[in-house]
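A quick write-up on the structure given underneath.
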Amino acid sequence: MHRADLADADLQSVNLSDAYLGTADFTGAHLRKADLSEAHFGVFAGVVSSEETQETRLVGADLRGADLRGIRNATAQTFADVKTLFGARLDPDLEADIEVEYPELLEPQVEGRRG
């Protein structure tokens with residue numbers, strides 16, 4: 001999936017478990033109930049990339065109910081610009097970090113606004 005352009009794609013319930021997402025662009029993608037468990041976010045350490053970004057792009061992605069357990073190379077900051085993580089399954093440490101930094105992402109969303 002490295003470098004894949006999946007912006008605005010409808011990927012509801014897709015199975016991307018254990019996938020290497022690299023710098024895939026999921027901007028605005030619908031990933032509701034997607035299985036991203038054990039997926040690797042961003043560029044592997046030591047990999048030289050000519051791209052400006054070294055991360056999986058999730059700006060505005062809808063991750064409602066997604067399975068994000070065991071994801072690698074992701075932090076609370078990885079999800080800073082997603083639309084929502086409401087109902088997502090997360091590892092306890094990552095969920096705690098998100099709760100501290102971006103609690104609104106874990107709350108139900110009212111259509112048309114965030115938070």
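Just the heavy atoms: all of them, side chains too, but no hydrogens, waters or symmetry mates, feed the values below.
Residues Phe26 and Leu16 are in side-chain contact: their nearest non-hydrogen atoms beyond the backbone lie under 4.5 Å apart. Contact annotation: the side chain of Leu90 approaches that of Leu106 to within less than 4.5 Å [non-hydrogen atoms, C-beta and beyond].
Closest of all the heavy-atom pairs between Leu31 and Val14 is CD2-CG1, 4.3 Å. Heavy-atom minimum distance, Asp91 versus Ile71: OD2-N, 4.2 Å. Nearest approach of Arg57 to Thr27, heavy atoms of both residues: NH2-OG1, 3.4 Å. Nearest heavy-atom pair, Thr84 versus Glu107, reported as atom, atom and distance to 0.1 Å: OG1-O, 4.0 Å. Phe79 and Leu94 make their closest contact through CE1-CD2, 3.9 Å (heavy atoms, listed as atom of the first residue, atom of the second, distance). Contact detail for Pro103 and Glu99: the closest heavy-atom pair is CB-O, 3.3 Å.
In terms of the side chain to side chain contact (heavy atoms under 4.5 Å, CB included) criterion, residue partners of Glu38 (sequence neighbours excluded) are, by chain and number, Asp18, Arg72. By the side-chain hydrogen bond (donor to acceptor under 3.5 Å, both in side chains) test, Thr78 is found to be paired with no residue, residues two or more places apart in sequence or in another chain being considered. Scored by the salt bridge (charged side-chain N to carboxylate O under 4.0 Å, His left out) test, Asp10 finds no partners at all (sequence neighbours excluded). In terms of the side chain to side chain contact (heavy atoms under 4.5 Å, CB included) criterion, residue partners of Asp5 (sequence neighbours excluded) are, by chain and number, Ala7, Asp25. Considering only residues two or more places apart in sequence or on other chains, Ala76 meets the side chain to side chain contact (heavy atoms under 4.5 Å, CB included) condition with Asp97, Ile98, Glu101, Tyr102. For Asp8, the side-chain hydrogen bond (donor to acceptor under 3.5 Å, both in side chains) criterion is met by no residue, not counting sequence neighbours.
For the atom pair Leu63 CG and Leu85 CG, the distance stands at 5.5 Å (nearest 0.5 Å). Distance CZ/Arg64 to NE2/His30: 10.0 Å, rounded to 0.5 Å. If you take CG on Leu105 and CG on Asp81, they are separated by 9.0 Å, rounding to the nearest 0.5 Å. One distance of note links CZ of Arg32 with CG of Asp62; it measures 4.5 Å at 0.5 Å rounding.
Thr23 places no side-chain N or O within 3.5 Å of a backbone atom of Thr56 that could act as its donor or acceptor partner.
In the hydrophobic clustering of this structure, Met1 groups with Leu58; members are Ile, Leu, Val, Met, Phe, Trp, Tyr whose side-chain heavy atoms approach within less than 4.5 Å, directly or through other members.
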